[in-house]
Amino acid sequence: MTNKVLDRVRDLLPAIRERAVTAEEQRRVPEQTIRELTEAGVFRMLQPSRFGGDESSPVAFYEVIRAIATACPSTAWVSSVLGAHPWQLALFPLQAQEDVWGADSDTLVSSSYAPTGKLTVVDGGYEVSGRWNFSSGCDHAQWAFLGALTPNDQGGMDYLTILVPRGDYRIEENWEVSGLAGTGSNDVVIDKAFLPAHRAYSAAEQAALRGPGQEANPAPLYRISFGSVFSNTITAPIIGAAQGAYDAHIERQRERVRLSYGGQKVADDPFAHVRVARAASEIDAAVLQLERNMSEQLRYAEAGEEIPFELRLRSRRDQVRGTERALYAIDLLFENSGGHAIRKPHAIERHWRDAHAGSVHVINDVERALAMFGKGAFGLEVEDRML
């Protein structure tokens with residue numbers, strides 16, 4: 001199937017690549033890039049058709065994200081996060097969707113899912129206060145998804161994703177980092193804002209693959225697992241960063257062969273050949289597993305069948321392994337590039353920094369995800385809201 005958005009994005013890649021340094025220096029994706037990606041339809045790919053979205057396959061969406069990452073991983077990270085949020089918003093009550101897209105269907109939503117704020121039940125909803133970190137692309141968004149905890153009737157706490165408008169929070173710029181510097185992942189701060197009840201979505205419903213928005217948005221796309229969509233949203237830019245480093249490395253080595261005898265000697269190094277082969281294979285494996293799992297989930301949803309829990313576990317297993325594979329590949333390429341790779345600005349050193357920065361995201365906790373798969377394989381109970 002033709003990916004029309006990918007065709008449009010490919011035309012934008014040279015300019016995005018040129019702006020990669022600017023993104024790092026400004027610590028945010030340039031506004032022009034966001035406008036171009038909006039016009040290309042990137043942020044509508046997973047958006048409901050009733051609000052002008054494409055309701056595309058996540059496989060097609062992640063293909064676009066990986067392509068953007070070959071040019072600028074920071075831009076891809078922001079595109080992936082902001083582009084995945086329409087999928088989650090489609091699960092919220094229809095009124096919440098109208099709140100965001102009613103006046104402008106191009107409105108973007110950023111996020112910070114760790115439940116670090118305070119949520120108090122009040123008449124008609126909640127009172128919200130607190131600070132949330134790492135809201136990537138927040139400067140380009142007019143709303144934010146934020147994580148919060150609220151007491152339940154059993155004496156425990158329920159996790160909610162809440163939806164808050166820009167007028168109710170402020171952004172504090174504190175994004176001074178060594179990798180993914182262009183993502184503008186600043187803090188979101190709220191001082192006592194009212195949240196209507198329809199702008200809250202329960203993790204329990206999320207884990208059960210249910211959402212009040214499914215009635216308004218019946219497409220199979222909105223019946224796959226949040227844990228898989230969100231986790232691959234983080235891994236896809238990392239895989240793309242590895243592919244971008246691979247492309248830059250191959251181009252560099254071919255150029256050295258063309259220009260000098262010394263380059264020929266480097267290119268004839270059999271150990272260099274082996275490293276490149278290993279890197280290429282790891283990148284391919286990461287992509288193939290991601291695409292297989294998402295396609296399989298979508299097939300179950302299209303058939304109106306329940307997605308097997310084993311498939312959800314496998315999806316998380318392969319997602320963290322995808323990140324590991326991408327890091328292994330980019331490390332091989334970095335080693336293979338010699339001293340040239342540490343010069344700034346250079347695609348390999350930037351992609352190496354950005355990939356490693358992305359790997360520390362909590363969704364890439366390898367042992368946690370692999371342990372869940374192992375427990376499931378042994379027939380033990382597995383509970384995790386990121387499945």
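Below, each value reflects all heavy atoms present in this structure, side chains not excepted, and no hydrogens, waters or symmetry copies.
- For the 3.5 Å distance criterion, the side chains of Thr70 and Gln243 fail to qualify, holding no donor opposite an acceptor.
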#### Entry: Candidate pair Gln32 and Arg35, rule side-chain hydrogen bond (donor to acceptor under 3.5 Å, both in side chains), full reasoning
CA-CA 5 Å; Gln32 184 176 353; Arg35 284 197 301 271; 4.9 Å; no

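- A salt bridge links Arg66 to Glu291: one of the charged nitrogens lies within less than 4.0 Å of a carboxylate oxygen.
- Through chains of ILVMFWY side-chain contacts below 4.5 Å, Val320 is grouped with Val366, Leu370.
- Looking only at distances, no side-chain donor or acceptor of Ser111 sits under 3.5 Å from a matching main-chain atom of Tyr113.
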### Task
Evaluate side-chain contact (heavy atoms from CB on, under 4.5 Å) for Arg312 paired with Ile307, printing each intermediate quantity in order.
CA-CA 7 Å; Arg312 294 163 67 177; Ile307 296 172; 3.9 Å; yes

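- Pairs of residues two or more places apart, or lying in two chains, that qualify as ring-ring contact (aromatic ring centres under 6.0 Å, His included) and include a residue from residues 314-335 are Phe334-Trp352.
- When hydrophobic side chains of Ile, Leu, Val, Met, Phe, Trp and Tyr are connected at separations under 4.5 Å, Phe309 ends up clustered with Leu313, Met372, Phe373, Val382, Leu387.
- Between Trp87 and Tyr222, the ring planes are tilted. Angles from 30° to 60° get that label.
- Checked against a 6.0 Å centroid threshold, the rings of Phe145 and His85 count as neighbours.
- Through direct or indirect side-chain contacts shorter than 4.5 Å among Ile, Leu, Val, Met, Phe, Trp and Tyr, Val121 is connected to Leu119, Tyr126, Val128, Trp132, Leu146, Leu160, Ile162, Val164, Tyr169, Ile171, Val188, Ile190, Leu195.
- Put simply, the side chain of His351 gets close to the backbone of Ala241: a donor and an acceptor are under 3.5 Å apart.
- Sorted by first and then second residue, the salt bridge (Lys or Arg N to Asp or Glu O under 4.0 Å) pairs with a member in residues 186-209 read Asp99-Arg199, Arg131-Asp187, Arg170-Asp191; sequence neighbours excluded.
- A salt bridge is defined here as a Lys NZ or Arg NE, NH1 or NH2 lying under 4.0 Å from an Asp or Glu carboxylate O, and Arg28 with Glu173 fails to meet this definition.
- Listed by chain and number, the hydrophobic cluster partners of Val177 are Phe134, Trp175, where partners are ILVMFWY side chains within reach of under 4.5 Å, directly or through others.
- Summarising the geometry of Gly358 relative to Asn364, their closest heavy-atom pair is O-ND2, 3.0 Å, with the distance given to 0.1 Å.
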